[in-house]
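Model, not experiment: these values are computed from the prediction.
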Amino acid sequence: MLKKIYKIIIVPYTLFLLYLMFLGMGRFQYEENLLTLEPVFSTIKFIQGPNKMIDIVMIVLGNIIMFIPFGFLGWIFPDLKKLKPLIFSFISCIVIVEALQYFTRMGIFEVDDIILNTFGVYLGWEFYRIFEKRFNY
């Protein structure tokens, strides 16, 4: 039952995330293409900056939590039950999305986003494994 619900919900959820990544949360088109290639350090600078704690939590944890559902993609695509194919496929997709943000100037290509999003998928995959073992799903 849960697998069927997941199969129905993951497509609109993905479209919702794409909306957030390109148009939501007060997004606007930048005047130039922006790129942040410093892994981890740019997030540390962001946390140490003059931002409100709620904004930091929403952005940093949001970049992880919002991608946890993609760790369950093995329910739809059997090849993605294993971690390596799942991570490789996800990184390929998220790099394309980040590149589209860069080229459309509707966001910033950020390596940290790729790292945090991928960590979210990994956590989701761990939850998926626990769920599968515990409930013999």
Side-chain angles (χ1 to χ4, degrees):
M1 179 67 170
L2 194 57
K3 286 182 182 181
K4 288 181 183 180
I5 293 170
Y6 178 82
K7 289 177 182 180
I8 292 168
I9 291 176
I10 195 64
V11 171
Y13 181 76
T14 302
L15 294 173
F16 172 69
L17 273 183
L18 289 170
Y19 166 78
L20 289 178
M21 295 172 81
F22 288 94
L23 302 170
M25 298 173 24
R27 295 240 183 214
F28 57 90
Q29 191 168 33
Y30 292 97
E31 290 188 25
E32 56 188 49
N33 301 72
L34 299 172
L35 186 66
T36 303
L37 296 175
E38 305 177 283
V40 183
F41 294 110
S42 60
T43 298
I44 292 170
K45 286 179 190 175
F46 174 72
I47 291 169
Q48 292 174 342
N51 302 299
K52 295 178 185 174
M53 182 56 84
I54 189 71
D55 293 334
I56 293 169
V57 170
M58 279 182 57
I59 291 172
V60 175
L61 288 182
N63 269 318
I64 296 170
I65 294 168
M66 296 292 284
F67 287 86
I68 288 174
F70 295 104
F72 290 79
L73 283 172
W75 282 348
I76 299 173
F77 304 105
D79 291 345
L80 301 182
K81 288 182 179 184
K82 295 181 181 175
L83 183 60
K84 282 185 183 181
L86 174 65
I87 295 297
F88 179 78
S89 298
F90 178 76
I91 289 174
S92 300
C93 290
I94 200 65
V95 165
I96 291 169
V97 170
E98 289 287 327
L100 285 171
Q101 283 185 320
Y102 174 81
F103 289 115
T104 62
R105 297 190 321 259
M106 293 302 292
I108 302 169
F109 185 103
E110 294 186 79
V111 172
D112 279 3
D113 282 355
I114 295 168
I115 293 167
L116 293 170
N117 299 164
T118 303
F119 182 64
V121 172
Y122 170 74
L123 286 177
W125 180 80
E126 286 291 347
F127 294 145
Y128 162 81
R129 284 183 2 139
I130 292 166
F131 188 85
E132 289 276 314
K133 286 180 185 175
R134 181 144 194 186
F135 299 105
N136 291 324
Y137 221 78

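- Among D112, T36, D113, the single residue meeting the side chain to side chain donor-acceptor pair (under 3.5 Å) criterion with S42 is D112.
- Using a 4.5 Å cut-off on side-chain heavy atoms (C-beta onward), I108 and Y30 make contact.
- Under a hydrophobic-cluster definition in which Ile, Leu, Val, Met, Phe, Trp and Tyr are linked whenever side-chain heavy atoms come within less than 4.5 Å, directly or via other members, L116 and F88 are assigned to different clusters.
- Residues R129 and E126 are paired through a salt bridge, judged by an N-O separation under 4.0 Å between the basic side chain and the carboxylate.
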Item to check | Derivation and outcome, side-chain contact (heavy atoms from CB on, under 4.5 Å), residues M66 and M21 | outcome: CA-CA 11 Å; M66 296 292 284; M21 295 172 81; over 6 Å; no
Item to check | Stepwise ring-ring contact (aromatic ring centres under 6.0 Å, His included) check, W75 with F131 | outcome: CA-CA 12 Å; W75 282 348; F131 188 85; 5.7 Å; yes
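- Atoms CD1 and CD1, from I115 and I64 in turn, are 11.0 Å apart once rounded to the nearest 0.5 Å.
- The distance from atom CH2 of W125 to atom CG of L83, rounded to the nearest 0.5 Å, is 4.5 Å.
- Under the 4.5 Å side-chain contact rule for hydrophobic residues, F109 and V40 do not share a cluster.
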Checklist entry - Hey, mind stepping through F70 and F72 against ring-ring contact (aromatic ring centres under 6.0 Å, His included) and telling me if it holds? => result CA-CA 5 Å; F70 295 104; F72 290 79; over 10 Å; no
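- Cluster membership check: F67 shares its hydrophobic cluster with F77, using side-chain heavy-atom separations under 4.5 Å among Ile, Leu, Val, Met, Phe, Trp and Tyr.
- Residue F16 places its CZ atom among 12 or fewer non-hydrogen atoms of other residues, nucleotides or ligands, all under 6.0 Å distant.
- The cluster map of Ile, Leu, Val, Met, Phe, Trp and Tyr, joined by side-chain heavy atoms under 4.5 Å apart, puts V60 and M58 in different clusters.
- In the hydrophobic clustering of ILVMFWY residues, with side-chain heavy atoms under 4.5 Å counting as a link, F22 and L15 come out together.
- Between Y128 and G71, the shortest heavy-atom distance links the atoms CB-O, 3.7 Å.
- At a threshold of 4.0 Å, the pair K45-E38 counts as salt-bridged, since one of the basic side-chain nitrogens sits closer than that to a carboxylate oxygen.
- A distance of 6.0 Å separates CE in M106 from CD in Q29, rounded to the nearest 0.5 Å.
- Within the model, atoms CG of N63 and OG1 of T43 stand 8.0 Å from one another, a figure rounded to the nearest 0.5 Å.
- Here the CD1 atom belonging to I54 is positioned 10.5 Å from the CD1 atom belonging to I59, to the nearest 0.5 angstrom.
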Checklist entry - Stepwise, does the side-chain contact (heavy atoms from CB on, under 4.5 Å) test hold for K7 with K4? => result CA-CA 5 Å; K7 289 177 182 180; K4 288 181 183 180; 5.6 Å; no
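- The distance from atom CG of L123 to atom OG1 of T118, rounded to the nearest 0.5 Å, is 11.0 Å.
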